[in-house]
Engineer: 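First, the structure itself, so that you have it in front of you.
Note on naming: letters A, B, ... go to the chains in the order of the sequence lines (proteins, then strands), and numbering restarts at 1 for each one.
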Amino acid sequence: MTKPVLNASFVKIFAMAALETLQTQCSFKATAGKPFPKGSGETMDTAIAGVIGITSSMFRGSIALCFPEATFLNVMSGMLGEKYTVIDKDLEDGAAELLNIIFGCAKKSLAAGGHTVERAIPSIVRGKGIEVRHMSKAPILVIPFHSENGGFQIEMVLE
Amino acid sequence: MFPMNTRILIVDDMKTMRIVIKRALLALGFADVAEADDGDNALIAVEAAVREQRPYKLIISDWTMARVSGLDFLKKIRAHEVMSKVPFLMITAESDAAQVKEAITAGVSNYVTKPFTQDTVKLKLEEIWKKHAS
């Protein structure tokens, strides 16, 4: 039997984990918007994304943390305590590291609800106006985040 | 608290997290802070420091690294002839009970769960120092 795993509580757990991670690690305060299926809501010019494969006994899929250039530079400036104006090699792994931390926070909350979930080593996608290609053909859900220092998105696809 | 001239090794395969940890240590007043980008290179750095007779007095390592994990690195340090007693702070993004138990069994001194602030690092170091000094 296939269970609908992308339910509201699952999405909320990842959204809360992202907010906590960015606020604590990067002093970056944001708010989460209403999730929407990819292609049916606001679009974003992604410059860098961290992507991670996740598995559990109930599902498998992937999660991408996507940033426009300006937002990512603001997030990294908050995390590393210096002003950055370009995404160089040293900054790139920040997208993957933040996704690692978000996953760790979410995993803890999911474990409290009796769900175990594991992840693979994250990868980084860089470019201008990139589109993350997820391994699954299942619908992609987008969680938008907004802040005065720029927006970002989390893409989730589980099957 | 550890003396400010404590020789410290940070081990993390993510450059950004090494910067975060180093920045926190420098802000706390530590000055002698080295970095290694994985467990293998950390062991090379540890051996070199021992040969120079200036061994690291504190190791701060990430748990999840692509090649040698923080746990495997910790086990190698605890089996090391000279370094077996060095305070070892583990930093981890995933702190489930089984993982914590595994780290304690392997001899970790303390651990920090990400995300963390500079104050958390300070608190954990103070806790280690109290145990270490007693």
Engineer: Counting neighbours of NZ on B:Lys131 that are heavy atoms of other residues, nucleotides or ligands and sit closer than 6.0 Å, is the number greater than 12?
Structural biologist: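 It does: B:Lys131 NZ has more than 12 such atoms within range.
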Engineer: Select one option (side chain, backbone, both, neither) describing which atoms of A:Glu20 are under 4.5 Å from chain B's heavy atoms.
Structural biologist: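 Both parts, backbone and side chain.
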Engineer: Measure B:Thr92 against the heavy atoms of chain A and call it side chain, backbone, both or neither at under 4.5 Å.
Structural biologist: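 Interface part for B:Thr92: neither.
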Engineer: Decide if atom CE of A:Met16 counts as having more than 12 heavy atoms of other residues, nucleotides or ligands within a radius under 6.0 Å.
Structural biologist: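 Open: at most 12 neighbouring heavy atoms sit under 6.0 Å from CE of A:Met16.
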Engineer: Check the surroundings of atom NZ in A:Lys38: do more than 12 heavy atoms from other residues, nucleotides or ligands lie under 6.0 Å from it?
Structural biologist: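 Counting neighbours around NZ of A:Lys38, more than 12 heavy atoms of other residues, nucleotides or ligands fall under 6.0 Å, so yes.
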Engineer: Are more than 12 heavy atoms from other residues, nucleotides or ligands located less than 6.0 Å from atom CD of B:Gln53?
Structural biologist: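 Atom CD in B:Gln53 is not packed in, count stays at 12 or less.
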Engineer: Atom CZ of residue position A:Arg60 - does it have more than 12 heavy atoms of other residues, nucleotides or ligands inside 6.0 Å?
Structural biologist: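 Incorrect, the count does not exceed 12.
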Engineer: Around A:Met135, counting heavy atoms of other residues, nucleotides and ligands shown, do more than 12 lie under 6.0 Å from its CE?
Structural biologist: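 No, the 6.0 Å shell around CE holds no more than 12 heavy atoms from other groups.
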Engineer: Under 4.5 Å from any heavy atom of chain B, what part of A:Cys105 do you find: side chain, backbone, both or neither?
Structural biologist: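 Contact with chain B: backbone and side chain both.
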Engineer: Quick check for you: to the nearest 0.5 Å, what is the distance between B:Lys15 atom NZ and A:Lys89 atom NZ?
Structural biologist: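 Interatomic distance, B:Lys15 NZ to A:Lys89 NZ, rounded to 0.5 Å: 13.0 Å.
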Engineer: With a 4.5 angstrom heavy-atom cut-off, could you sort out which part of B:Asp62 is near chain A: side chain, backbone, both or neither?
Structural biologist: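 No part of it gets close to chain A.
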Engineer: Between atom CG of A:Leu80 and atom CZ of B:Arg18, what is the distance when rounded to the nearest 0.5 Å?
Structural biologist: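 It comes to 12.0 Å.
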Engineer: Which pair of non-hydrogen atoms, one from A:Ala96 and one from B:Met14, has the smallest distance, and what is that distance?
Structural biologist: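 Scanning both residues, the minimum pair turns out to be CB-CE, 3.8 Å.
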Engineer: Answer yes or no: is there a donor N or O on one side and an acceptor on the other, between the side chain of A:Gln25 and the main chain of B:Phe116, under 3.5 Å?
Structural biologist: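 Yes: the side chain of A:Gln25 pairs with the backbone of B:Phe116.
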Engineer: Taking CD in A:Glu42 as the centre, count heavy atoms belonging to other residues, nucleotides or ligands within less than 6.0 Å. Is the count above 12?
Structural biologist: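 Above 12, so yes.
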Engineer: Do you know which of A:Asn100, A:Asp93, A:Ile101 makes side chain to side chain contact (heavy atoms under 4.5 Å, CB included) with B:Met17?
Structural biologist: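 Of A:Asn100, A:Asp93, A:Ile101, side chain to side chain contact (heavy atoms under 4.5 Å, CB included) with B:Met17 is met by A:Ile101 alone.
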Engineer: How close do A:Thr21 and B:Pro115 get, counting heavy atoms only, and between which atoms?
Structural biologist: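 Closest pair (atom of A:Thr21, atom of B:Pro115, distance): CA-CG, 3.9 Å.
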Engineer: How many angstroms lie between atom OG1 of B:Thr64 and atom CD of A:Glu97, to the nearest 0.5 angstrom?
Structural biologist: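 Atom-to-atom, B:Thr64:OG1 and A:Glu97:CD are 9.0 Å apart.
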Engineer: Can you hop from A:Met156 to A:Val117 via hydrophobic side chains spaced under 4.5 Å?
Structural biologist: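 Same cluster.
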